[in-house]
Protein chains: 2
Amino acid sequence: MVLSERKKKILAAVVDEYVRTAEPVGSKAIAAKAGLGCSSATIRNELAELVSLGYLEQPHTSAGRMPTPMGYRMYVNELMEKQRLSLEETEEINRRMNQKLRELDDTISDVSRLASQLTDYPALALTTRTAVTIKRFDIIYVDANTFIIVVMLSDNTVKNKLVKLPVSVDQKLVQRLSALFNSGFTGITEDAVTPLLINSTERAADDTMGVTSVIAAFAIEVLTEAAAPSAYVSGENRLLNQPEFRDPDKAHRLMGYLSGGGYILPPNANMDEAGEIKVLIGPENVAEELKDSSVVIATYDAGDNTRGMIGVVGPTRMDYSAVAAKLSILAAGLSRRLGGGEAPPEGMHNKLIIKGDTGNE
Amino acid sequence: MVLSERKKKILAAVVDEYVRTAEPVGSKAIAAKAGLGCSSATIRNELAELVSLGYLEQPHTSAGRMPTPMGYRMYVNELMEKQRLSLEETEEINRRMNQKLRELDDTISDVSRLASQLTDYPALALTTRTAVTIKRFDIIYVDANTFIIVVMLSDNTVKNKLVKLPVSVDQKLVQRLSALFNSGFTGITEDAVTPLLINSTERAADDTMGVTSVIAAFAIEVLTEAAAPSAYVSGENRLLNQPEFRDPDKAHRLMGYLSGGGYILPPNANMDEAGEIKVLIGPENVAEELKDSSVVIATYDAGDNTRGMIGVVGPTRMDYSAVAAKLSILAAGLSRRLGGGEAPPEGMHNKLIIKGDTGNE
DNA sequence: TGTTGGCACTCTTTTCTTTCGAGTGCTAAT
DNA sequence: ATTAGCACTCGAAAGAAAAGAGTGCCAACA
């Protein structure tokens, strides 16, 4: 069934208005606002049909209409104007992103914070790493009891650890170990770090003091951590700005879920093409806690064939258009910095491809 | 004016009960609970006096009593039983702390999260660093366009950065720079990194490609960041568990303040002796946003003559005793790991020294 | 056939009263 | 100094009434 042009306009008007006010919207308001030249009575008839088609609902018989998840889905897929931020806004966002990223801190978590600030919803950033390996292994000798392990990973991040030993080691041993690890532990994934490998390294280095196992433990730790997807959530408290979360218990439930690094993505979410935006509306979410919230997620290219996601969570009554536009810019910025480099240049407004569930279960 | 023994018992009972129930407590309840052999009428008289002395207040004439900040202060300073956790609880906390700290992540923020979990209040962790200097400077040559800077600071943390250059550098230059930075940039604080120093280093290294300034920029960045006090806040959402924050606006205000890394400490808060616990009750806080909340802070020894703080924020109706005990253990754990090493061993219950404002402005 | 004004009806929200009860303050007795 | 007793206060809860927004539907109209 395809909707008449007028029904579409009305549906869009209901969503727009409801998003703005958080109140069920009545026929009069629509007649006044949407510039279709007909009276509220006509609109009432149309509204009644939209309800029976499942796009709208009423909290009770004598109230206005509000969109159902299906209504939002229609809106997102077909009706909404893909908002493009003005050049100024785009530049403002890029400016703030650059400013953040100049510092040496964790890029991803900073961008998550920024996303939350920009949208005024809680934001989350996820990284899923493909198998990570060690690219380079260095050990810096500091003094007889101290050395620094420096590990460069295949995704070009660098990790280090200062090790203080209860025993003295000589510089020679450290050099030997450095060389051995550099040849033996590079290019392999976590599960290839076997006790066997560690033992043979220990023997080859002629290490009688157990230094090898300390270093190996660090290697395992780094690989494990780097391979684990990580999530950063920020701005949970902004949920309280939304009228649908004025109930502290409800807010607390969702915030708790989010702070726990809650898991948000549908299991089928093989991260899409970078640049795409995914919208999950209400019951389309898999997590029980999100069944009456919506999630908008942008995918970015984290280089090394890896993708990450940055998204926000809010009530289903969400300003999908604005959020999508902002996330798109942030994701593009991240791709530009982390990714292979074929991302569009900063100034360019890239096409907003918004995808969602098909809507049929 | 010193309180009679009985008044003290009654005051303590009021606080205990009010903390437990969050409801004003009546004379009957006290008569039933506190085992002092007298009737509710007698207690009413005493209560009336405690009100006129300023320790208690009534929301309205015919309601029970609740403690004023001054009442809490008295309770914290003199009345409350310094709670000691059972050995099991202590061990449980230490176990969880060890578990957390095994991972290579940021110790401080992890402990902050742990503090929040244990107390069910929002927690914050602060570090204030004394002047930090660079202790050691290494540059690892990766390939013609890439090297890794590794910097070890006076507080024994290690920072690194991967640098990718648009131009090629040869290994010799990198080695020269490494040596020069190691001699010229160690032992100095941020403000000693002058353009002059950078220039002379550049000339000495015979660097025509501006590599020096990249490295110097990193040095400045690291020193700046390390010297800046940092704050980690976690579990803001737990505020919503407290009945006094059922009003979403109130909760939001405070949560926003906290997430902003809000600043909590009285300006005079030269961090005290490690091991001490400080309690700030309601209006004793300087920040306007905290005037009707309380803060409990434990100081830990972060080594290198530096102290940090870990604390929680909650309503004035807070379980001071339990919170203080838990924070004390966490702070001791941190001191043991970060500090000079003269911290008490893990098993030992260390004395709880609870200090607060004197109460007189 | 689609559109419109009109109007009775429904159901929530708000406001006002009433009732209820916990807890007090005071007095008189012990 | 303590206690029992009792009238009184004041908020919270419950109930009743009024207000208002918006609908559904009908009859009239283009």
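These numbers were taken from a predicted model, which means no experiment stands behind them. Below, chain A is the first sequence line, B the second, and so on; all start at residue 1.
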Is the count of non-hydrogen atoms from other residues, nucleotides or ligands lying under 6.0 Å from A:Lys250 atom NZ greater than 12?
yes
Would B:Asp319 and B:Arg20 count as a salt bridge (charged side-chain N to carboxylate O under 4.0 Å, His left out) if you check the C-alpha gap in whole Å, the side-chain angles of each, and the deciding distance to 0.1 Å?
CA-CA 8 Å; B:Asp319 189 344; B:Arg20 204 172 58 80; over 6 Å; no
Examine distances only and state if a side-chain atom of [X] and a backbone atom of [Y] form a donor-acceptor pair shorter than 3.5 Å.
{"X": "B:Lys326", "Y": "B:Thr119", "value": "no"}
{"X": "B:Thr68", "Y": "B:Tyr55", "value": "yes"}
{"X": "B:Asn285", "Y": "B:Gly282", "value": "yes"}
{"X": "B:Thr316", "Y": "B:Ser293", "value": "no"}

Which is more 5' along DNA chain D, the nucleotide nearest B:His60 or the one nearest B:Ser39? Just name the residue.
B:Ser39
When rounded to whole Å, the CD to C1' distance for the pair A:Glu49 and C:dT1 reads 13 Å
Once you round to the nearest 0.5 Å, how far does CE of B:Met309 lie from CD1 of B:Ile277?
11.5 Å
When you look at A:Arg317 and A:Tyr72, which way does the side-chain contact (heavy atoms from CB on, under 4.5 Å) test go after all the steps?
CA-CA 8 Å; A:Arg317 180 191 60 79; A:Tyr72 282 119; 3.4 Å; yes
Contact letters for nucleotides 17-28 of chain C, in which S counts primed atoms plus P, OP1 and OP2 and B counts the base, heavy atoms under 4.0 Å:
------SBBB--
Using the heavy-atom set of chain B and a strict 4.0 Å cut-off, write down the first and last nucleotide of DNA chain D that makes it in, 5' to 3'.
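On DNA chain D, the outermost contacted nucleotides are D:dT2 to D:dG11.
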